[in-house]
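Report on one structure; see the data block that follows.
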There are 2 protein chains.
Amino acid sequence: MSDEDGIDFAIIELLFFAYRDFTSDPDQILADYGFGRAHHRVLHFVNRRPGLTVAELLDVLKITKQSLARVLKQLIDTDHVVQLQGPRDRRQRELYPTAKGRALALALARPQSRRIHAALGDSGITERTLVERFLEAMVNPELRAQIDVGSAEMSGKSHGEH
Amino acid sequence: MSDEDGIDFAIIELLFFAYRDFTSDPDQILADYGFGRAHHRVLHFVNRRPGLTVAELLDVLKITKQSLARVLKQLIDTDHVVQLQGPRDRRQRELYPTAKGRALALALARPQSRRIHAALGDSGITERTLVERFLEAMVNPELRAQIDVGSAEMSGKSHGEH
DNA sequence: GAAATTACGTCAATAGTACTGACATAATCT
DNA sequence: AGATTATGTCAGTACTATTGACGTAATTTC
């Protein structure tokens, strides 16, 4: 099956194309705000895990503190994200989205979600867990803890990790 | 189902994590060559579609001529890719991988292919076409022509588009 | 209480990948 | 001959990322 040398070029290439177009939707919206893909990622995770600390965010994004700094500062200056002093440890800054930030995060996620639903429909996949299981299995095992698939619960605050 | 506001945050996030780790394998190898992800993409498509022209490559990668220039020049200078004058139209430069280029492309694809096969196995998906169909459906319809899933045929030259 | 560590912020310098705009050359088409 | 096309290249800029160094405040350790 697949290609020469037993390499799965087909899926490798499909992942490239799928991700290229998957990110193209929010990229266009972000341009209006003068934001880039980095802002999107930060905003997404601050929305998904409200109250996470700077260190946790760095760990999820796998970038350095200096790289995050500019992007986070812009999001704070434009009133999309706020920092609150950590309750237990006052050195920590807990990050929360503002209403404005939640609205933007939602606007960015909407076209992506539509694309996913359309793709599930077009491909005739009725069991969405199939795709979820495959994608999760693509993630490095040590890092699966970062995933917060908790579709059901998880209304903020306590998200087990760490 | 899924999350608040009917947005499929779960799969959105899984795509981010899956792609992040999917690209991490070749990134480490590329670092040894002083290459980046851009070199990988060029090398990949030159290998997959030997003889494609510069214009076709730009179309697939969705980048500008100027952006491609530096990367392509480096690959040519390091003897990974060669340019041959187009037979029909001598203005065109057909791009071909050298043996060295093919070897590198293969080395980069190997860990990615292993990850994919492992993920298919771990997730208990026996029908690989399920994943292929989903990913293909994620691509913009107008751009699906770029996909060359033809695992069987397609030995170069004529690839329909344009 | 003093010292070490931790969490975060920031300054400076650099790199990789991308962009727009402009211009040059050679080949092909009209 | 003139227009168009395919490619290459120069200049300038932007965004995202990097490493290294230093500062500050809070917490932990001794």
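Heavy atoms only: backbone and side chains are in, while hydrogens, waters and symmetry mates are out. Chain letters run A, B, ... following the sequence lines, proteins first, then strands; residues in each count from 1.
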Below 4.0 angstrom from OP1 or OP2 of C:dT17, is there any side-chain N or O of B:Ser67?
-> no
Whole-Å distance between D:dT16 C1' and A:Leu68 CG?
-> 12 Å
Is any NZ, NE, NH1 or NH2 atom of the basic residue among A:Asp21 and B:Arg144 found under 4.0 Å from an Asp or Glu carboxylate oxygen of the other?
-> no
Length of the CZ-P vector between A:Arg20 and C:dT17, whole Å = 18 Å
Is A:Arg93 near enough to D:dA26 that one of its side-chain N or O atoms lies under 4.0 angstrom from OP1 or OP2?
-> no
Counting just side-chain N and O atoms, does B:Gln83 come under 4.0 Å of either OP1 or OP2 of D:dG8?
-> yes
Locate the shortest heavy-atom distance separating B:Arg115 from B:Ser24; write the atom from each residue and the value.
-> NH2-OG, 4.0 Å
A:Arg91 side-chain proximity, nearest of D:dT5, D:dT7, D:dA26 | D:dA26
Shortest non-hydrogen contact between A:Ala18 and B:Met138, atoms and distance = CB-CB, 3.9 Å
Atom CG of A:Leu61 and atom P of D:dT18: how far apart are they, to the nearest Å?
-> 10 Å
Ranking A:Thr53 and B:Asp89 by the position along DNA chain C of their nearest nucleotide, the one closer to 5' is A:Thr53
Distance-only donor-acceptor test (3.5 Å): side chain B:Gln66, base C:dG21 | yes
Under 4.0 Å: is that the gap between some side-chain N or O of A:Thr64 and OP1 or OP2 of D:dT18?
-> yes
Give a yes or no on whether B:Lys73 atom NZ has more than 12 heavy-atom contacts from other residues, nucleotides or ligands under 6.0 Å away.
-> no
Report which part of the nucleic acid B:Lys65 touches: base, sugar-phosphate, or nothing (heavy-atom distance under 4.0 Å, all strands).
-> base
Please check if atom CD in B:Gln28 has more than 12 non-hydrogen atoms from other residues, nucleotides or ligands closer than 6.0 Å.
-> no
CG of A:Asp59 versus P of C:dC8: gap in Å, rounded?
-> 12 Å
Nearest-Å distance, CZ (A:Arg90) to C1' (D:dT24)?
-> 14 Å
Check the distance between D:dT16's P and A:Arg70's CZ and give it to me in whole angstrom.
-> 5 Å
Note: for A:Pro87 and A:Lys62 on DNA chain D, the residue whose nearest nucleotide lies more 5' is A:Lys62
Look at all strands and tell whether A:Arg37 reaches a base, only sugar-phosphate, or nothing, counting heavy atoms closer than 4.0 Å.
-> sugar-phosphate
Distance, rounded to the nearest Å, where A:His39 contributes NE2 and D:dC15 contributes C1' | 9 Å
In whole angstrom, what separates A:Arg88's CZ from C:dT6's P?
-> 17 Å
Just call it for A:Gln74: base, sugar-phosphate, or nothing, with non-hydrogen atoms closer than 4.0 Å on any strand.
-> nothing
